[in-house]
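Remarks on the structure that follows.
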Amino acid sequence: MDGARPGKDQDAKDQGGERLAALTPGMVIPYGGDRLARVSPELAGAFRPGDQLIVLQDSGTLLHVPAAQKAIAADAVGRAQTAFARMGEVSDDQITAFFDAFADRLADEAAWTAIAQANAADVARAQQKGRSTTRLAVSPAMRADMIAGLRAWRDSAPARGRVVEAIDHPGWRVEQLSAALGVVAFVFEGRPNVFADATGVLRAGNSVVFRIGSDALGTARAIVAEALDPAIAAAGLPPGSAVLVDSAEHAAGWAMFGDPRLGLAVARGSGPAVTQLGGIARQAGVPVSLHGTGGAWMAADASADPERLFAAVFHSLDRKVCNTLNVFCVTRDGAEALIPVFLAALDQAGARGGHGVKLHVVEGDEGVLPPEWRTAQVQVSRAGGVKAEPKVEILPLSELGREWEWEQTPEVTLKVVADLEEAVRLFNRYSPQFAASLISTDPDAHARFYATINAPFVGDGFTRWVDGQYALNKPELGLSNWEFGRLFARGGVLAGDGVFTVRARVSQSDIHLDRGGAPTPARRA
């Protein structure tokens with residue numbers, strides 16, 4: 001016998017506790033140090049021995065992870081961890097060869113045909129469920145971007161062993177060198193291009209494990225089979241260098257983010273889901289990069305150049321992504337001249353998509369709109385189909401930060417403000433603190449705007465520049481807003497070569513160094 005008492009698991013005993021084997025309805029679960037949650041009858045009935053209960057300490061949310069989903073996630077992280085242990089033996093040339101082979105496989109017509117067929121099936125299933133497919137469907141442009149991103153990593157300088165700092169002392173030298181961090185985990189919405197981008201962490205010698213949204217799981221499986229796994233094998237990288245968590249269940253993502261073996265957890269998707277995932281990872285002691293809520297804000301004052309404003313609005317509404325224009329604030333003294341420009345740009349953006357435009361105006365500001373806007377109807381393209389809706393709807397101020405998720409019909413909120421200072425206050429209170437743009441010809445206004453607005457991305461024109469591959473020539477792994485606080489020692493664009501740690505290495509030329517000043521004694525024979 002191993003000394004464990006009956007009913008105890010030895011591993012649990014070693015960790016100082018018993019295994020949770022069952023839940024009962026109404027069972028009290030402490031959280032947050034001084035609060036209580038209660039188990040629902042549904043959760044109690046579903047829980048089985050071997051399952052896991054994750055208790056979010058900020059909200060008391062109880063998340064059920066079935067044993068099968070826990071095992072899928074643990075196996076994927078374990079494979080990635082085993083691969084990472086061998087990445088130190090892999091040359092930078094091999095990593096370069098991986099990106100080249102991955103890109104070549106996506107460029108291969110036979111491989112892409114199989115991927116496109118899997119994607120078409122994913123899109124059809126999502127449409128049957130009435131779900132949005134604007135980010136799910138692959139296209140020639142998406143394919144080209146994926147290939148270009150992989151080739152950019154192929155051509156980038158090796159990220160490992162870069163000298164971050166060097167300090168010379170008499171008789172010795174210390175170098176601070178970049179080094180691989182470990183296993184990086186991703187959970188992201190059903191966007192196949194992000195699947196390819198996530199492999200960028202291999203450039204710095206990391207390994208990666210990811211879970212994609214259920215809508216795109218078939219596409220992801222095809223990419224793995226047709227391009228990713230063949231590229232890993234061709235380059236001679238360790239099996240498991242990039243691993244898909246092959247599950248459509250959210251519980252698999254929860255289990256993955258709760259695995260303390262991770263070096264970094266990256267979440268992209270809807271706001272509540274990302275917040276939840278971030279809480280799970282933080283509780284496990286895993287650093288996070290989160291981006292769950294987007295929508296860019298734009299402000300304009302009376303000095304704004306109308307041509308610049310028109311162009312900035314129009315070009316910020318080409319399609320719905322996180323940095324699409326979501327809220328427009330105009331100062332009261334500029335409203336009469338600039339609102340017609342803003343509305344004209346909206347109409348042109350709507351015409352480009354072929355489905356008009358939808359405007360929300362904050363309650364009390366509707367009087368600035370012409371009567372023909374306030375009474376008009378528009379055909380709005382929704383995930384469930386096209387439907388007739390009012391062109392303008394009134395929005396309470398408390399909803400100012402709401403992000404509009406649209407298909408082909410641009411959807412924006414308008415707010416009239418007393419001055420730019422009010423626009424900044426509203427942004428800092430209601431927005432996800434992500435991207436902000438100011439249209440003004442006043443240099444002092446731009447300086448005050450940048451100094452006071454709590455955004456990692458600030459511009460003076462269109463908002464759609466917030467993209468790693470577009471702005472920094474680096475495929476992004478994720479963007480981070482400041483909704484969850486500012487980031488420590490890094491920018492809001494997370495790129496593959498930005499996932500690293502720092503190691504110190506010393507070169508000692510004077511063998512007689514001694515911290516106490518003692519001379520080297522004579523060596524005895």
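Predicted model, so just to flag it, every value in this text is computed and none were measured. Sequential numbering from 1 along the given sequence is applied to the chain's residues. Side chains included, hydrogens not; waters and symmetry mates left out as well; all remaining heavy atoms used.
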Within residues 71-90 or reaching into it, pairs that qualify as salt bridge (Lys or Arg N to Asp or Glu O under 4.0 Å) - sequence neighbours excluded: none
Answer yes or no: is there a donor N or O on one side and an acceptor on the other, between the side chain of S178 and the main chain of R162, under 3.5 Å? yes
In this structure, CZ of F328 is separated from CD1 of I439 (nearest 0.5 Å) by 8.0 Å
Taking E226 first and then R221, would you say they form a salt bridge - that is, a charged N and a carboxylate O separated by under 4.0 Å? no
Backbone N or O of L56 within a donor-acceptor pair of the T61 side chain at under 3.5 Å? no
Partner of Q433 under side-chain hydrogen bond (donor to acceptor under 3.5 Å, both in side chains), chosen from N454, N428, N481: N454
Compare all side-chain heavy atoms of D58 with those of Y31 and state whether any distance is below 4.5 angstrom. no
L217 to S247 - nearest heavy-atom pair and separation: CD2-C, 3.9 Å
If you compare all heavy atoms of A227 against all heavy atoms of L106, which two are closest, and at what distance to 0.1 Å? CB-CD2, 3.9 Å
Between K320 and E403, is the salt bridge (charged side-chain N to carboxylate O under 4.0 Å, His left out) condition met? List the steps. CA-CA 10 Å; K320 174 55 194 164; E403 182 183 5; 2.8 Å; yes
Does the structure place the NZ or CZ of R282 under 6.0 Å from the centre of the six-membered ring of F257, at an angle of no more than 45° from the ring's axis? no
Scanning both residues in full, the closest heavy-atom pair of V187 with G253 reads CG2-CA, 4.4 Å
For the backbone of L136 and the side chain of T133, can you confirm whether one donor and one acceptor N or O come within less than 3.5 Å of each other? no
So CZ of R425 and SG of C329: to nearest 0.5 Å the spacing works out to 11.5 Å
Can you measure from NZ (K70) to CD1 (I72) and round to the nearest 0.5 angstrom? 13.5 Å
How long is the straight-line distance from CD1 of I453 back to CZ of R448, given to the nearest 0.5 Å? 13.0 Å
More than 12 heavy atoms of other groups within 6.0 Å of R503 CZ: no
Close side-chain approach of F210 and V184, heavy atoms under 4.5 Å: no
Just so I know, are the side chains of I95 and M87 near enough to count as touching, which here means a heavy-atom distance under 4.5 Å? yes
Using a 3.5 Å distance criterion without hydrogens, assess whether the side chain of Q283 forms a donor-acceptor pair with backbone atoms of Q57. yes
Is there a donor-acceptor contact under 3.5 Å linking the side chains of R203 and T96? yes
What one should report as the nearest heavy-atom pair of V39 and L23 is CG1-CB, 4.0 Å
Expected output: side-chain E175 to main-chain R505 donor-acceptor under 3.5 Å: no
S507 and W172 side chains, donor-acceptor separation under 3.5 Å: no
With rounding to the nearest 0.5 Å, note down the distance linking CG in N119 to CG in D215. 10.5 Å
Could you tell me whether H446 atom NE2 has more than 12 heavy atoms of other residues or ligands within 6.0 Å of it? yes
Ignoring hydrogens and angles, write down the donor-acceptor pairs under 3.5 Å from the side chains of residues 146-155, residues two or more places apart or on other chains.
from : atom 1 : to   : atom 2 : distance (Å)
R151 : NH2    : D104 : OD1    : 3.0
R154 : NH1    : D100 : OD1    : 2.9

Atom pair CG (L479) and CZ (R268), whose distance is rounded to the nearest 0.5 Å: 6.0 Å
Side chains of M256 and V77, heavy atoms from C-beta outward: is any pair under 4.5 Å? yes
Side chains of S437 and F462 in contact at under 4.5 Å (non-hydrogen atoms): no
Work out which heavy atom in R38 is nearest to a heavy atom in G26; give both atom names and the distance. NH1-O, 3.2 Å
Restricting to non-hydrogen atoms, name the atom on P230 and the atom on R105 that form the minimum distance, rounded to 0.1 Å. CB-NE, 4.1 Å
Do S241 side-chain atoms and A83 backbone N/O form a donor-acceptor pair below 3.5 Å? no
Quick check against the 3.5 Å criterion: does D259 have a side-chain atom that pairs as donor or acceptor with the backbone of A73? no
Do I232 and F102 make a side-chain contact, defined as non-hydrogen atoms from C-beta onward lying under 4.5 Å apart? no
For the residue pair L487 and W482, establish whether any side-chain heavy-atom pair is separated by less than 4.5 Å. yes
Can a donor-acceptor pair be found between the side chains of R402 and N326 at a distance below 3.5 Å? no
Between H64 and D51, a side-chain donor and acceptor under 3.5 Å: yes
Go through the steps for E411 and H360 under the test side chain to side chain contact (heavy atoms under 4.5 Å, CB included), then give the verdict. CA-CA 8 Å; E411 199 160 357; H360 302 265; 2.7 Å; yes
Tell me whether D122 contacts the main-chain N or O of G218 through its side chain, where contact means a donor paired with an acceptor under 3.5 Å. yes
Using only heavy-atom distances, determine whether the side chains of Q276 and W254 contain a donor-acceptor pair under 3.5 Å. yes
With a 4.5 Å heavy-atom cut-off, do L400 and R429 have their side chains touching? no
Check against side chain to side chain contact (heavy atoms under 4.5 Å, CB included), L264 and L181: CA-CA 8 Å; L264 176 69; L181 179 67; 3.9 Å; yes
Is there a side chain to side chain contact (heavy atoms under 4.5 Å, CB included) between R211 and F186 once you walk through the steps? CA-CA 6 Å; R211 179 191 176 273; F186 287 87; over 6 Å; no
Checking side chain to side chain contact (heavy atoms under 4.5 Å, CB included) for the pair L20/F47: CA distance, chi angles, key distance, verdict? CA-CA 10 Å; L20 180 64; F47 197 87; 3.8 Å; yes
Check this for me: R35, atom CZ, are more than 12 non-hydrogen atoms of other residues, nucleotides or ligands nearer than 6.0 Å? yes
Any chance the side chains of Q81 and S207 put a donor and an acceptor closer than 3.5 Å? no
Going by atom types alone, do T463 and N323 pair a side-chain donor with an acceptor below 3.5 Å? no
